[in-house]
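Reading through the structure tokens given below for one structure.
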Amino acid sequence: MNIGYCLTGSFCTFEKSVKTLEDLVKSGHNVTPIMSENAYSTDTRFGDAVDFQNKLIEITGNSIIHTIEQAEPIGPKKMFDVLAIVPCTGNTLAKLANGITDTSVTMAAKSHLRNSRPVVIGISTNDALGAAAKNIGTLLNYKNYYFVPFGMDNCYMKPKSMVCDFEQVKDTIEKAEKGEEIIKKIY
């Protein structure tokens, strides 16, 4: 399967997301990394941008799509069977729910969806049970969006925060490619 694998700015989950991407490649999938402009260029306490770039290229053997111009042909060329956004921040959720296409990742999703192909969302946001909740609800009701099972990651310290179960990303992608939703409990 050809997978477009997007990373947005939830930098604290990059290590888990990269491990998941690596598992997809080891399973025989052709994975092309896509990074939002901020994810591509921002150095954080979780690592330097160039280190993540190099790791993604090394794992996949593919160049990183990181501009709107590079992402636009995804739909017309039918480049991917599934597009996954893991991690998907509250900011990206809002843009997807409201049809805003101003990053490489939102353009990738828009372009991919033109062919009615599945988009998998692996949320990671500190505001899932706050302002982002309405956007999650909206996308749960849109056709061709599939969510990796998710839950609260630290209910005492971050009472509105939720993150996807990274161990279920691969299964969610494989089911979404068949038009099926994953049904598993995460607790």
Excluding sequence neighbours, so at least two apart, what forms side-chain contact (heavy atoms from CB on, under 4.5 Å) with [X]?
X   : answer
S63 : none
E37 : I68, T103, S104
K26 : E22

Does any non-hydrogen side-chain atom of [Y] lie less than 4.5 Å from one of [X]?
X    : Y    : answer
T8   : N91  : no
T20  : V86  : no
V18  : K55  : yes
T106 : T101 : yes

Atom pairs and distances, side-chain donor-acceptor, residues 27-34, under 3.5 Å, sequence neighbours left out:
| from | atom 1 | to | atom 2 | distance (Å) |
| --- | --- | --- | --- | --- |
| S27 | OG | D23 | O | 3.0 |
| H29 | NE2 | E174 | OE2 | 2.9 |
| N30 | OD1 | N62 | ND2 | 3.2 |
| N30 | ND2 | N2 | OD1 | 2.9 |

Working to the nearest 0.5 Å, report the span between CG of D48 and OG1 of T42.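 Rounded to the nearest 0.5 Å, the CG-OG1 separation comes out at 11.0 Å.
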Supply the atom-to-atom distance K170 NZ to I3 CD1, rounded to the nearest 0.5 angstrom.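 It is 9.0 Å, given to the nearest 0.5 Å.
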Residues which pass side chain to side chain donor-acceptor pair (under 3.5 Å) with [X], listed by chain and number, not counting sequence neighbours:
X    : result
Q70  : T67
S124 : S10
D153 : K158, S161

Would T44 and F14 count as a side chain to side chain contact (heavy atoms under 4.5 Å, CB included) here? Give the steps. CA-CA 11 Å; T44 71; F14 272 23; over 6 Å; no
At their closest point, which heavy atom of [X] faces which heavy atom of [Y], and how far apart are they?
X    : Y    : answer
C164 : V169 : SG-CG2, 4.5 Å
S111 : R114 : O-CG, 2.8 Å
A109 : I85  : CB-CD1, 4.4 Å
S17  : P87  : OG-CD, 3.6 Å
F52  : F46  : CZ-O, 3.6 Å
M1   : E177 : SD-CG, 3.6 Å

List the steps and the verdict of side chain to side chain contact (heavy atoms under 4.5 Å, CB included) for L93 and I123. CA-CA 8 Å; L93 286 166; I123 67 166; 3.9 Å; yes
Cluster link I100 to L83, ILVMFWY, side chain under 4.5 Å: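 Cluster IDs for I100 and L83 differ.
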Test of understanding: clusters of I, L, V, M, F, W, Y form through side-chain heavy atoms closer than 4.5 Å, transitively. Do M107 and M35 belong to the same one?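 Not linked; separate clusters.
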Output all residues satisfying salt bridge (Lys or Arg N to Asp or Glu O under 4.0 Å) with K16, sequence neighbours left out; order by chain, then residue number.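 Per chain and number, K16 pairs via salt bridge (Lys or Arg N to Asp or Glu O under 4.0 Å) with no residue.
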Sequence neighbours excluded, which residues qualify as salt bridge (Lys or Arg N to Asp or Glu O under 4.0 Å) partners of E180?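 Here the qualifying residues are K175.
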Connecting only ILVMFWY residues whose side-chain heavy atoms lie within less than 4.5 Å of each other, what is the rest of V50's hydrophobic cluster?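 V50 shares its hydrophobic cluster with no other residue.
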Could you list all the ring-ring contact (aromatic ring centres under 6.0 Å, His included) pairs where at least one residue sits in residues 57-114, not counting sequence neighbours?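 Applying ring-ring contact (aromatic ring centres under 6.0 Å, His included) to every pair that reaches into residues 57-114, excluding sequence neighbours, yields Y40-H66.
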Give a yes or no on whether the backbone of A49 and the side-chain of D43 come within a donor-acceptor separation of less than 3.5 Å.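 Confirmed, D43 side chain pairs with A49 backbone.
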Might you work through the side chain to side chain contact (heavy atoms under 4.5 Å, CB included) test for I173 and D171, ending with a clear yes or no? CA-CA 5 Å; I173 289 171; D171 289 343; over 6 Å; no
Can you give the donor-acceptor pairs under 3.5 Å from side chains of residues 128-150 to other protein atoms, not counting sequence neighbours?
| from | atom 1 | to | atom 2 | distance (Å) |
| --- | --- | --- | --- | --- |
| T138 | OG1 | K134 | O | 2.9 |
| N141 | ND2 | G137 | O | 2.9 |
| Y142 | OH | A97 | O | 3.1 |

